[in-house]
Amino acid sequence: MNFISHFYADRGVQDALFIVGTVTPDLMSIYNAKYRVKNSHLNKFDRLAHPEVPRSFLKGLERHFFVDRIFHDSDNFRRETERISQELPLRLPQYDIQRKFFIGHLLLELLMDKIIIDQDPRILEEFYGHFADAGQYAPLQQFTGLVAGHTLGTYVSFLRKFYENKYLYKYQEYAHLIWVLGQLLRRVRVESRDFLHAPAFLDYMKEYETGLVDRFEIFFTEIHNAEGFSFD
C-alpha cells in the first residue's frame with residue numbers, strides 16, 4: 001500500500017508519531033533503498049536498550065507491516081493485479097510490456113491513493129498535519145536510524161522536503177502518476193517504458209480507475225476485520 005492508503009486505513013488515529021511510523025518504511029524506500037526499514041529489523045530491535053524510541057512510533061511501524069501483509073495476501077489483491085497484467089497487453093499489443101504483475105501492483109496502489117484523495121481532498125491536509133505535529137525531525141531521524149541499523153545523515157532534510165513540497169497533492173494528476181510509475185520501473189531496471197506515454201495507457205488507467213472506485217473499499221474492510229494487531 002502507498003502513503004495515503006496507509007493513512008486512510010487508520011485515519012481515526014490522532015497520534016502523530018504513530019501515523020509517521022506507518023509510512024516510514026515507504027519514506028525510507030524513497031530516501032535510500034539501501035537503508036530500508038524491514039519487518040525483520042523491527043523484530044530484532046532491542047526496545048529495552050533504546051527506551052528513547054517512542055512506543056507509538058514503533059507501533060506505527062508494526063501497523064505498516066501488518067496492513068501490508070493483509071493487503072498483499074488478499075485474494076482481491078491477486079485478482080486486481082492479474083486483471084491489470086492480462087488487460088494491459090490486450091490494450092497495448094504493440095508494446096513489449098515487462099514485469100506486468102509488478103506494474104499491476106504499482107498501478108493498483110497509486111490509483112487507490114488517487115481515488116481516496118479525489119473522494120475527500122481534505123485527507124491530504126490531515127496527513128501532512130501529522131508531520132507538522134510530530135515535532136522536530138532530528139528525533140525522527142534518530143528513531144528511524146536506530147531501527148534500521150544505519151546512521152541517516154540527511155534524513156532530516158529529506159523529511160523537511162517531503163513535508164514542504166507536499167508532492168502527494170500531485171497524485172490527483174494522471175501525468176504525475178505516470179511519471180511515478182516510470183521512476184519505479186527505472187529503479188528496478190525495466191528498460192522498456194515507452195508504453196507509459198501511449199494514449200491507450202492513459203485511457204486504460206482512467207477506465208480501470210472507474211471500475212476500482214466500486215471495489216477498493218473491500219481492501220480496507222479486510223484490514224479492519226483482520227485479527228492479530230492490537231493498538232494498545
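Atom set for the values below is all heavy atoms of this structure, side chains included, hydrogens, waters and symmetry mates excluded.
Among all heavy-atom pairs drawn from A134 and A16, the shortest one is N-CB, 3.9 Å. Pairing each heavy atom of Y35 with each of A148, the nearest pair is O-CB, 3.9 Å.
The number of heavy atoms from other shown groups lying within 6.0 Å of CZ (R36) does not exceed 12.
Two different hydrophobic clusters hold L212 and F101 under the rule that ILVMFWY side chains link at heavy-atom gaps under 4.5 Å.
Within the model, atoms CZ of F65 and CZ of F229 stand 12.0 Å from one another, a figure rounded to the nearest 0.5 Å. Considering NZ of K100 and CD of E87, their distance stands at 13.5 Å, rounded to 0.5 Å. Distance CG/L17 to CZ/R55: 13.0 Å, rounded to 0.5 Å. One distance of note links CG of D203 with CZ of F201; it measures 11.0 Å at 0.5 Å rounding. Distance check, rounded to the nearest 0.5 Å: CZ of R91 to CD1 of I97 gives 11.0 Å. Here the OG1-OH distance, from T144 to Y137, works out to 12.0 Å after rounding to the nearest 0.5 Å.
Between E80 and F77 there is no side-chain heavy-atom pair separated by less than 4.5 Å. A 4.5 Å side-chain heavy-atom check between Y208 and R83 finds at least one atom pair inside the cut-off. In this structure, the side chains of L58 and L42 come closer than 4.5 Å at one or more pairs of heavy atoms. With a 4.5 Å cut-off on side-chain heavy atoms, D73 and R78 do not count as touching.
Each of V147, L61, I19, L140 was evaluated against T24; a single residue qualifies, L61, per the side chain to side chain contact (heavy atoms under 4.5 Å, CB included) test. None of F7, Y8, F71 except one satisfies the ring pair (Phe, Tyr, Trp, His ring centres under 6.0 Å) rule with F220; the exception is Y8.
Stacking of K59 on the aromatic ring of F231 is not recorded, the 6.0 Å distance cut-off and the 45° axial limit not both being met.
No hydrogens or angles considered: nothing links the side chains of N32 and H150 as a donor-acceptor pair under 3.5 Å. A donor-acceptor contact closer than 3.5 angstrom is absent between the side chains of Q142 and Y155.
Ionic pairing of E173 and K170 is not present here: no N-O contact between side-chain nitrogen and carboxylate oxygen is shorter than 4.0 angstrom. Under 4.0 Å is where a charged nitrogen must lie from a carboxylate oxygen, and between E62 and R47 at least one such pair does. Salt bridge absent: R79 and E82 never bring a charged side-chain N and a carboxylate O closer than 4.0 Å.
Put simply, the side chain of H6 never gets that close to the backbone of F3: no donor and acceptor are under 3.5 Å apart. At distances below 3.5 Å, not a single donor-acceptor pair connects side-chain atoms of D10 with backbone N or O atoms of V13.
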Query raised in the report: Would F18 and T22 count as a side-chain contact (heavy atoms from CB on, under 4.5 Å) if you check the C-alpha gap in whole Å, the side-chain angles of each, and the deciding distance to 0.1 Å?
Result: CA-CA 6 Å; F18 176 91; T22 64; 3.6 Å; yes
Query raised in the report: Can you list the steps and then say if Q136 with V156 is a side-chain contact (heavy atoms from CB on, under 4.5 Å)?
Result: CA-CA 9 Å; Q136 298 297 315; V156 167; over 6 Å; no
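Sorted by first and then second residue, the ring-ring contact (aromatic ring centres under 6.0 Å, His included) pairs involving residues 80-100 (not counting sequence neighbours) form an empty list. Within the structure, the side chain to side chain donor-acceptor pair (under 3.5 Å) test picks out the following pairs touching residues 219-232 (sequence neighbours left out): S74-E222, N76-E222.
Residues satisfying the side chain to side chain contact (heavy atoms under 4.5 Å, CB included) criterion with N43, sequence neighbours excluded, are N39.
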Can you give me every donor-acceptor pair (side chain of residues 175-195, partner residue at least two apart or in another chain, under 3.5 Å) with its distance?
{"unit_1": "R187", "atom_1": "NH1", "unit_2": "S29", "atom_2": "O", "d": "3.4"}
{"unit_1": "S192", "atom_1": "OG", "unit_2": "D96", "atom_2": "O", "d": "3.2"}
{"unit_1": "R193", "atom_1": "NH1", "unit_2": "V190", "atom_2": "O", "d": "2.8"}

With a cut-off of 3.5 Å and sequence neighbours excluded, list every side-chain donor-acceptor pair involving residues 102-125.
{"unit_1": "H105", "atom_1": "NE2", "unit_2": "H72", "atom_2": "NE2", "d": "3.2"}
{"unit_1": "H105", "atom_1": "NE2", "unit_2": "E109", "atom_2": "OE2", "d": "2.8"}
{"unit_1": "E109", "atom_1": "OE2", "unit_2": "M1", "atom_2": "N", "d": "2.8"}
{"unit_1": "E109", "atom_1": "OE2", "unit_2": "H72", "atom_2": "NE2", "d": "3.2"}
{"unit_1": "D113", "atom_1": "OD1", "unit_2": "S5", "atom_2": "N", "d": "2.9"}
{"unit_1": "D113", "atom_1": "OD1", "unit_2": "S5", "atom_2": "OG", "d": "2.7"}
{"unit_1": "D113", "atom_1": "OD2", "unit_2": "N2", "atom_2": "ND2", "d": "3.4"}
{"unit_1": "D113", "atom_1": "OD2", "unit_2": "I4", "atom_2": "N", "d": "3.2"}
{"unit_1": "K114", "atom_1": "NZ", "unit_2": "D118", "atom_2": "OD2", "d": "2.7"}
{"unit_1": "K114", "atom_1": "NZ", "unit_2": "E209", "atom_2": "OE2", "d": "3.1"}
{"unit_1": "D120", "atom_1": "OD1", "unit_2": "R122", "atom_2": "N", "d": "3.2"}
{"unit_1": "D120", "atom_1": "OD1", "unit_2": "R122", "atom_2": "NE", "d": "2.9"}
{"unit_1": "D120", "atom_1": "OD2", "unit_2": "R11", "atom_2": "NH1", "d": "3.3"}
{"unit_1": "D120", "atom_1": "OD2", "unit_2": "R11", "atom_2": "NH2", "d": "2.9"}
{"unit_1": "D120", "atom_1": "OD2", "unit_2": "R122", "atom_2": "NH2", "d": "3.4"}

Donor-acceptor pairs under 3.5 Å, side chain of residues 157-167 to any protein atom, not counting sequence neighbours: which ones?
{"unit_1": "S157", "atom_1": "OG", "unit_2": "T154", "atom_2": "O", "d": "2.8"}
{"unit_1": "N165", "atom_1": "ND2", "unit_2": "K161", "atom_2": "O", "d": "3.4"}
{"unit_1": "K166", "atom_1": "NZ", "unit_2": "Y163", "atom_2": "O", "d": "2.9"}

